[in-house]
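Contents: one structure, followed by commentary.
Predicted model only: the values in this text are computed from it and were never measured.
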Amino acid sequence: MPGGGEAGYLADLNTGAQLPERAAFDPAGGPSFWYVIDRSVAHQAGIALYGPPAAEVIAAPRPADLTAAIRASVREHGDGEGHLADNRVLNGCRSLVYCRTGRWSAKRDAAAQVAATEGEFRPLVEAAVRSFERPRAAARPLPDPQVRAFLAWVRVRVEEYAGAVGG
């Protein structure tokens with residue numbers, strides 16, 4: 001059975017290096033798109049450490065819910081609040097590549113695909129990758145007008161995809 005468009009977690013823990021510590025047990029109130037996209041990625045490419053394959057135990061989101069989550073992600077990254085510029089660009093690349101291929105890619109792989117096909121944005125995308133490879137506290141600033149222009153361009157492509165798939 002497909003998963004829904006809600007966050008749907010029992011526990012949300014952020015305890016990784018250079019992440020603000022967070023423990024949440026109530027999915028209400030926060031943006032749900034992260035979790036819908038994460039479930040899609042896990043369904044597609046998750047590796048089980050024990051038990052059945054990930055695709056058998058992690059339901060893929062319904063197409064309309066996934067499309068809505070991608071649209072919400074691109075909108076939030078376009079606004080830029082609370083996100084490093086490099087991550088905004090690379091998440092835009094991932095969304096674009098998913099809409100083109102129906103497959104999720106790692107951020108660097110998605111960036112390479114976009115840089116190879118979109119010459120206008122190649123310098124920005126390559127700068128985002130270089131910044132992303134640094135420790136998060138040492139991320140390099142990217143020119144905000146270029147980041148916003150790229151994400152506006154991605155948003156148009158995502159909206160075209162949404163229209164084509166009925167999302």
Side-chain angles (χ1 to χ4, degrees), residues 1-14 16 19-20 22-48 53-115 117-118 121 124-125 128-129 132 142 144-167:
M1 167 177 243
E6 62 283 334
Y9 59 78
L10 298 175
D12 178 17
L13 303 174
N14 263 350
L19 291 175
R22 171 179 150 79
F25 303 98
D26 180 4
S32 63
F33 67 83
W34 297 112
Y35 308 97
V36 176
I37 291 171
D38 286 350
R39 279 196 304 275
S40 179
V41 171
H43 176 80
Q44 178 188 89
I47 299 171
E56 291 180 17
V57 296
I58 300 169
R62 289 183 296 265
D65 292 330
L66 180 56
T67 301
I70 293 168
R71 292 167 86 186
S73 173
V74 171
R75 276 193 309 273
E76 179 161 313
H77 285 90
D79 293 342
E81 295 300 316
H83 302 285
L84 293 173
D86 58 7
N87 210 38
R88 293 167 58 204
V89 170
L90 298 180
N91 279 328
C93 291
R94 288 184 80 205
S95 294
L96 178 64
V97 169
Y98 180 84
C99 291
R100 287 178 173 173
T101 67
R103 303 285 304 164
W104 290 107
S105 300
K107 289 177 182 177
R108 287 178 187 93
D109 293 340
Q113 290 180 51
V114 173
T117 60
E118 306 304 329
F121 297 113
L124 175 68
V125 170
V129 170
F132 185 72
L142 299 175
D144 192 59
Q146 290 178 16
V147 172
R148 288 186 185 278
F150 172 70
L151 291 168
W153 178 83
V154 168
R155 188 172 180 175
V156 169
R157 309 285 88 69
V158 169
E159 293 299 331
E160 290 170 352
Y161 168 80
V165 299

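- Here the straight-line distance linking atom CZ of R103 with atom CG of D109 works out to 12.5 Å at 0.5 Å rounding.
- A donor-acceptor pair under 3.5 Å is formed between the side chain of T101 and the backbone N or O of V97.
- Minimum heavy-atom separation, N87 to H77: O-CD2, 4.2 Å.
- Ion pairing between a basic and an acidic side chain is recognised when a charged N comes within 4.0 Å of a carboxylate O; D144 and R148 show such pairing.
- Minimum interatomic distance between W104 and Q44 (heavy atoms only, all atoms of both residues): N-OE1, 2.9 Å.
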With side chain to side chain contact (heavy atoms under 4.5 Å, CB included) as the test, would you mind laying out the steps for K107 and F132 before giving the verdict?
CA-CA 9 Å; K107 289 177 182 177; F132 185 72; 3.7 Å; yes
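- Of the possible polar contacts, none joining the S40 side chain to the V36 backbone as a donor-acceptor pair under 3.5 Å is found.
- Side-chain atoms of T67 and R71, non-hydrogen and from C-beta on, do get closer than 4.5 Å to each other.
- Taking all atoms of both residues into account, the shortest heavy-atom contact from A128 to D86 is O-CB, 3.4 Å.
- In this structure, W153 and L96 have side chains that are in contact, with non-hydrogen atoms separated by less than 4.5 Å.
- Across C93 and F150, no two heavy atoms sit closer than the pair SG-CZ, 3.8 Å.
- Closest heavy-atom contact between Q113 and S105: NE2-OG, 3.5 Å.
- Counting heavy atoms from C-beta on, the side chains of H83 and E76 come closer than 4.5 Å.
- With hydrogens and angles disregarded, a donor-acceptor distance shorter than 3.5 Å links the side chain of H43 to the backbone of I58.
- Between C99 and I70, some side-chain heavy-atom pair lies under the 4.5 Å cut-off.
- A donor-acceptor pair shorter than 3.5 Å can be found between the side chains of T117 and R100.
- The distance from the CZ atom of R94 to the OG atom of S73 is 9.0 Å, given to the nearest 0.5 Å.
- Shown here for V154 and G92, the closest heavy-atom pair between the two residues is CG1-O, 3.6 Å.
- Note that the CG atom of N91 and the CG atom of L151 stand 9.5 Å from one another [nearest 0.5 Å].
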